[in-house]
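Numbers restart at 1 for each chain; the letters A, B, ... are given by sequence-line order, proteins then strands. Just the heavy atoms: all of them, side chains too, but no hydrogens, waters or symmetry mates, feed the values below.
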Protein chains: 2
Amino acid sequence: MSQTQVHRLGDLQLQILKVLWQRGEASVAEVHEQLPGGADLAHTTIATMLRKMEARGLVTHRANGRTFIYRAAVAEDQVSQGMAEHVLDRLFEGRLADMVSHLLTAREVSRAELTRLEQLIAERKRQS
Amino acid sequence: MSQTQVHRLGDLQLQILKVLWQRGEASVAEVHEQLPGGADLAHTTIATMLRKMEARGLVTHRANGRTFIYRAAVAEDQVSQGMAEHVLDRLFEGRLADMVSHLLTAREVSRAELTRLEQLIAERKRQS
DNA sequence: GCGTTAGTACTACCTTGGTAGTTTGTTGTC
DNA sequence: GACAACAAACTACCAAGGTAGTACTAACGC
């Protein structure tokens, strides 16, 4: 019984989830306001999307009077990991170093970021 | 003019591309054989998918008699980077360390892999 | 020559993400 | 009590991924 597939989410769904993760709960109107670039979208677009997402088990809602207050039903970590692992496995056969290598050559990474990475890896090495 | 969107490919498309990258060229039947789990799919499924992919600019073909020989029209690096960057940006706001951190906690990573990562980062640091 | 085989082409259907208009119902206000 | 405002529900479309059956056609074997 596949527990809500979290590795294939569209950009809009992701952005909506981000708003919910950040705020805990939000009405359709609040999601709409907080959504980056949400001004371009109709109110009903957000509402429809939220209903679809609820049908897929990504969010839940409770009623507050006639207004629905939505809440994420999947954890941020669950989604982040699900999507990141999906790409890692499908594209790089699970070889993390390959993935990082691609990303390092493809973009600017600050020195601070590199240092953080070094620390992460060193720590992980110590634990194994 | 958006150059073929390479960040949103389905799993089947990806697997087909992998076969083509690996072999250079392949007929529908060859792709079908090489496809992991391809035995579950109908021949026409692969053929249809290839035609759709050609329409999207992902592959091209030449005819060899009555048989079509397909070839990838997008580079592996282009796709890998496109998809990896997409996830990195959408999910982790571009913070590579966050992404790696998630991946490191979510799965087993061999010591050899960790060492390779260290080397990559050290090298990158030297260049900056 | 004729039938079998092995290709592609065409068509069709389902799902999901994305987008939004229209309808219906509730609520609060004058 | 009538009406305006607003929220959700319903309906509708489009694009794309995925899947495959059916139709057409060229080649090959006998």
Side-chain angles (χ1 to χ4, degrees), chain A residues 2 4-19 25-33 35-71 74 79 82-83 86-87 90, chain B residues 2 4-19 25-33 35-71 74 79 82-83 86-87 90:
Chain A
S2 74
T4 314
Q5 305 296 348
V6 287
H7 55 73
R8 184 148 229 146
L9 296 181
D11 288 347
L12 179 59
Q13 297 188 341
L14 215 30
Q15 300 210 296
I16 288 175
L17 282 174
K18 286 199 173 205
V19 172
E25 296 190 317
S27 66
V28 175
E30 283 165 351
V31 170
H32 194 188
E33 278 164 26
L35 209 62
D40 301 335
L41 295 175
H43 176 85
T44 52
T45 297
I46 314 295
T48 302
M49 200 66 234
L50 278 164
R51 236 173 312 110
K52 286 188 177 186
M53 287 168 79
E54 184 158 34
R56 297 205 39 132
L58 296 170
V59 302
T60 57
H61 82 273
R62 66 181 176 84
N64 179 22
R66 65 216 137 103
T67 305
F68 281 12
I69 308 291
Y70 284 93
R71 171 178 285 280
V74 288
V79 172
M83 294 185 71
H86 190 247
V87 169
R90 300 289 156 156
Chain B
S2 75
T4 315
Q5 303 298 346
V6 286
H7 55 75
R8 184 150 230 142
L9 296 180
D11 288 347
L12 178 58
Q13 297 188 341
L14 216 30
Q15 301 210 297
I16 288 175
L17 282 175
K18 285 198 174 205
V19 173
E25 298 188 315
S27 66
V28 175
E30 283 164 350
V31 170
H32 193 189
E33 278 163 28
L35 211 60
D40 300 335
L41 295 174
H43 177 86
T44 52
T45 298
I46 313 295
T48 303
M49 199 67 235
L50 278 165
R51 234 170 315 108
K52 286 189 177 187
M53 287 169 79
E54 183 159 34
R56 301 206 37 134
L58 296 170
V59 302
T60 57
H61 83 271
R62 66 182 176 84
N64 180 23
R66 66 219 134 102
T67 305
F68 281 12
I69 308 291
Y70 285 91
R71 171 180 285 281
V74 287
V79 172
M83 293 186 72
H86 190 248
V87 169
R90 299 289 155 156

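Across all strands, A:L41 comes closer than 4.0 Å only to sugar-phosphate atoms, never to a base (heavy-atom distances). Note on B:R51: a base of the nucleic acid sits closer than 4.0 angstrom, heavy atoms only. Here B:T45 lies in heavy-atom contact (under 4.0 Å) with a base. Residue-level contact check: B:S27 touches neither bases nor backbone, having no heavy atom under 4.0 Å from any strand. Using a 4.0 Å heavy-atom distance criterion, B:A42 is classed as a sugar-phosphate-only contact.
Distance check: A:Q13 CD to A:R8 CZ gives 11.5 Å after rounding to the nearest 0.5 Å. Atoms OH and CE, from B:Y70 and B:M49 in turn, are 11.0 Å apart once rounded to the nearest 0.5 Å. Note that OG of A:S27 is 11.0 Å distant from CD1 of A:I46, once rounded to the nearest 0.5 Å.
A:V59 places a side-chain heavy atom less than 4.5 Å from the side chain of A:L17. A:M53 is not listed as a side-chain neighbour of A:L9, based on a closest heavy-atom distance of 4.5 Å or more. Looking at heavy atoms from C-beta onward, A:L58 lies out of side-chain contact with A:I16 at the 4.5 angstrom threshold.
Of all nucleotides listed (D:dA16, D:dT19, D:dC28), D:dC28 comes nearest to the side chain of B:R66. Checking D:dG21, D:dG17, D:dT11 against every side-chain atom of B:T44, the shortest atom distance belongs to D:dG21.
We find that NE2 of A:H43 is positioned 6 Å from C1' of D:dA7, with the value rounded to whole Å. Note: NE2 (B:H32) to P (D:dA20) measures 9 Å, nearest angstrom. The distance between atom CG of B:L9 and atom P of D:dG18, rounded to the nearest whole Å, is 9 Å. To the nearest angstrom, P of D:dG18 lies 15 Å from CG of B:D40. Between B:M49 atom CE and D:dA16 atom C1' there is a gap of 8 Å when expressed in whole angstrom units. Whole-Å rounding puts the A:I46 CD1 to D:dA8 C1' distance at 15 Å. One interatomic measurement links the two molecules: CD of B:E54 to C1' of D:dG17, which rounds to 17 Å at whole-angstrom precision. In this entry the distance linking CD of B:Q15 with C1' of D:dT19 reads 15 Å, nearest Å.
Overall, the helix from C:dG1-D:dC30 to C:dC30-D:dG1 carries an axis bend of 20° between its ends, with five pairs at each end and the value rounded to 10°.
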- Task: Test A:E30 against A:V19 for side chain to side chain contact (heavy atoms under 4.5 Å, CB included), laying out the working first.
- Result: CA-CA 9 Å; A:E30 283 165 351; A:V19 172; over 6 Å; no
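Taking every heavy atom of both residues into account, A:Q15 and A:P36 meet most closely at NE2-CG, 3.6 Å.
Protein chain A contacts DNA chain C over a range whose 5' and 3' limits, counting nucleotides with an atom under 4.0 angstrom from a non-hydrogen atom, are C:dT16 to C:dT27.
Without hydrogens or angle criteria, A:H32 side chain to A:G38 main chain gives a donor-acceptor distance under 3.5 Å.
Applying the side chain to side chain donor-acceptor pair (under 3.5 Å) test to pairs two or more places apart or on separate chains, those with a residue in residues 52-65 of chain A are A:E25-A:R62, A:E54-A:H61.
Looking at which nucleotide of DNA chain D each of A:T48 and A:R8 is closest to, the 5′-most match is held by A:T48.
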